[in-house]
Q: 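One structure, pasted below without further comment.
FYI, the numbering just counts along the sequence from 1. We count ligands from 1, going down the list as the structure has it; atoms in each ligand are counted the same way. Computed from a prediction, not measured in an experiment: that's the story for all the values here.
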Amino acid sequence: MKIIAARVIICSPGRNFVTLKIETDQGLYGIGDATLNGRELAVVSMLNDHMLPCLLGRDASQIEDIWQYFYRGVYWRRGPVNMTALAAVDMALWDIKAKAAGMPLYQLLGGRSRDKVLVYGHANGNDIDQTVEAVAKYRELGYQPIRAQSGVPGLASTYGVSKDTLFYEPADADLPTENLWSSSKYLNHTPKLFAELRRQFGDELHLLHDVHHRLTPIEAARLGKALEPYKLFWLEDAVPAELQQGFRLIRQHTTTPLAVGEVFSSIHDCQQLISEQLIDYIRTTLVHGGGITHLRRIAALAELYHVKTGFHGATDLSPVTMGAALHFDTWVPNFGIQEYMRHTDATDAIFPHDYHFNQGFLHCGESPGHGVDIDEKLAAKYPYQRAYLPVNRLEDGTLFNW
Ligand SMILES: O=C(O)C(=O)C[C@H](O)[C@H](O)CO
Ligand SMILES: [Mg+2]
């Protein structure tokens with residue numbers, strides 16, 4: 001089955017998405033997500049200028065060989081741009097293989113391990129009271145685990161707190177917005193949020209929280225300890241994770257479960273975190289981690305060390321990633337949870353899909369492939385718009401982690 005065409009489709013129904021469509025001589029086509037928030041066009045160029053010329057004419061069924069060709073074969077390994085472009089090719093090829101087999105993708109991966117995929121929703125507010133209200137609203141919508149974020153007194157804006165409580169979109173400006181940060185204000189405030197959430201909602205509700213790479217290991221240890229009475233499902237991205245051994249320090253001090261990895265692009269970013277059992281959930285997902293082929297390796301390593309998957313699923317991951325990830329989640333033995341942020345209606349219309357949400361769970365569909373398509377005519381009505389993620393500064397002006 002020969003690859004006869006491959007093209008990159010860029011659209012911006014409120015936010016940018018980069019999509020790859022690969023066509024074969026047998027009339028089957030596959031779709032892959034290539035969206036890297038704030039750096040979209042770098043991936044477009046990687047695909048158009050460097051990868052697609054080498055893809056044409058290859059046998060679409062040789063997924064592993066093509067993966068190795070674009071990993072080993074380019075000399076320059078890893079990195080988010082490289083691995084996102086490779087993920088798009090890989091996802092589209094798995095879509096084609098599953099369509100050729102007449103099977104939903106999860107069947108090809110090894111079959112169903114569960115009936116439905118547990119997801120968590122996002123509650124946020126400018127202060128504790130608003131976050132409490134948002135948690136109540138998400139419970140009404142049927143969500144079971146809920147991530148809670150709240151504005152911090154004395155800071156004008158905080159990660160995770162948006163104007164709209166249903167749709168969250170951090171890449172909000174054509175030049176980066178600047179936020180201000182204070183770890184001490186945040187550390188004083190956050191345990192109060194979770195104390196109040198437990199007081200209002202009791203012990204059964206699963207609560208998650210994202211620190212978004214803002215603390216040092218010893219600060220993260222302090223926060224993890226302070227949050228122990230409130231029994232979090234996980235504490236996410238407590239520190240920037242370039243220094244994997246930094247998690248040893250956090251781990252020594254707290255039993256709060258740790259999740260990390262949404263910015264990782266390969267197994268080498270998490271090998272030590274997993275094999276030393278320094279984390280509980282690995283968040284790297286298909287689009288930024290080299291696709292299904294590479295995530296299978298990460299999940300298999302994680303399984304050995306009792307680490308579960310908890311795939312990233314913010315709105316900047318397109319419905320194509322969500323669809324493919326749900327098939328992976330339906331199969332993978334060491335599944336933990338899936339992040340789910342709703343896409344807007346305009347996005348859903350461009351990417352028709354057969355997954356659906358019901359009472360706190362997502363269900364992947366049964367159609368052959370990963371079940372997500374793209375309406376190219378509709379996509380063309382929403383041209384690319386430059387948009388950046390914010391940057392963050394400390395109160396004295398020092399540039400910090402966003
Ligand atoms: O969804 C999360 O946990 C995030 O941290 C969202 C990220 O800020 C977002 O995906 C950046 O593009
Ligand atoms: Mg996160």
Q: Among all protein heavy atoms, pick the one closest to atom 5 (O) of ligand 1 and tell me residue, atom and distance.
A: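 Result: E262 OE2, 2.7 Å.
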Q: Where does E169 meet ligand 1, judged by heavy-atom distances below 4.0 Å: at the side chain, the backbone, both, or neither?
A: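 It is neither; nothing of E169 touches ligand 1.
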Q: Between F17 and Y382, does the ring centroid distance fall short of 6.0 Å?
A: no
Q: Counting non-hydrogen protein atoms only, what is the nearest one to atom 6 (C) of ligand 1? Give residue, atom name and distance.
A: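 Protein heavy atom with the smallest distance to atom 6 (C) of ligand 1: Y159 OH, 3.5 Å.
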Q: Could you name all protein N, O or S atoms found under 2.8 Å from the Mg ion (ligand 2)?
A: D210 OD2, E236 OE2, E262 OE1
Q: What's the verdict on side chain to side chain donor-acceptor pair (under 3.5 Å) for E366 and Y106, showing C-alpha distance, side-chain angles and the deciding distance?
A: CA-CA 9 Å; E366 291 294 326; Y106 74 81; 2.8 Å; yes
Q: Would you say E339 has any N or O atom under 3.5 Å from an N or O of ligand 1, going by distance alone?
A: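 Indeed, backbone or side chain, E339 has an N or O that close.
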Q: Is the centre of the F328 ring less than 6.0 Å from the centre of the F335 ring?
A: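 No.
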Q: May I ask you to check whether H209 and F194 place their ring centers less than 6.0 Å from one another?
A: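 Yes.
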Q: Ring centres of W94 and H370 under 6.0 Å apart?
A: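 Not under 6.0 Å, so no.
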Q: Take every heavy atom of Y120, measure it against each atom of ligand 1, and state whether any distance is under 4.0 Å.
A: no
Q: Give the residue and atom name of whichever protein heavy atom lies nearest to atom 10 (O) of ligand 1, and the separation in Å to one decimal.
A: D316 OD1, 2.8 Å
Q: Is the Lys NZ or Arg CZ of K99 less than 6.0 Å from the centre of Y29's six-membered ring, within 45° of the axis?
A: yes
Q: To the nearest 0.1 Å, how far is atom 8 (O) of ligand 1 from its closest protein heavy atom, and which atom is that?
A: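 Here the closest protein heavy atom is H212 NE2, 2.8 Å.
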Q: Do we see a donor-acceptor contact under 3.5 Å between the side chains of T309 and N334?
A: no
Q: Aromatic ring centroids of H353 and F351 under 6.0 Å?
A: no
Q: Starting from the C-alpha separation in whole Å, work towards a yes-or-no answer on salt bridge (charged side-chain N to carboxylate O under 4.0 Å, His left out) for D210 and R147.
A: CA-CA 8 Å; D210 190 351; R147 189 187 93 165; 3.2 Å; yes
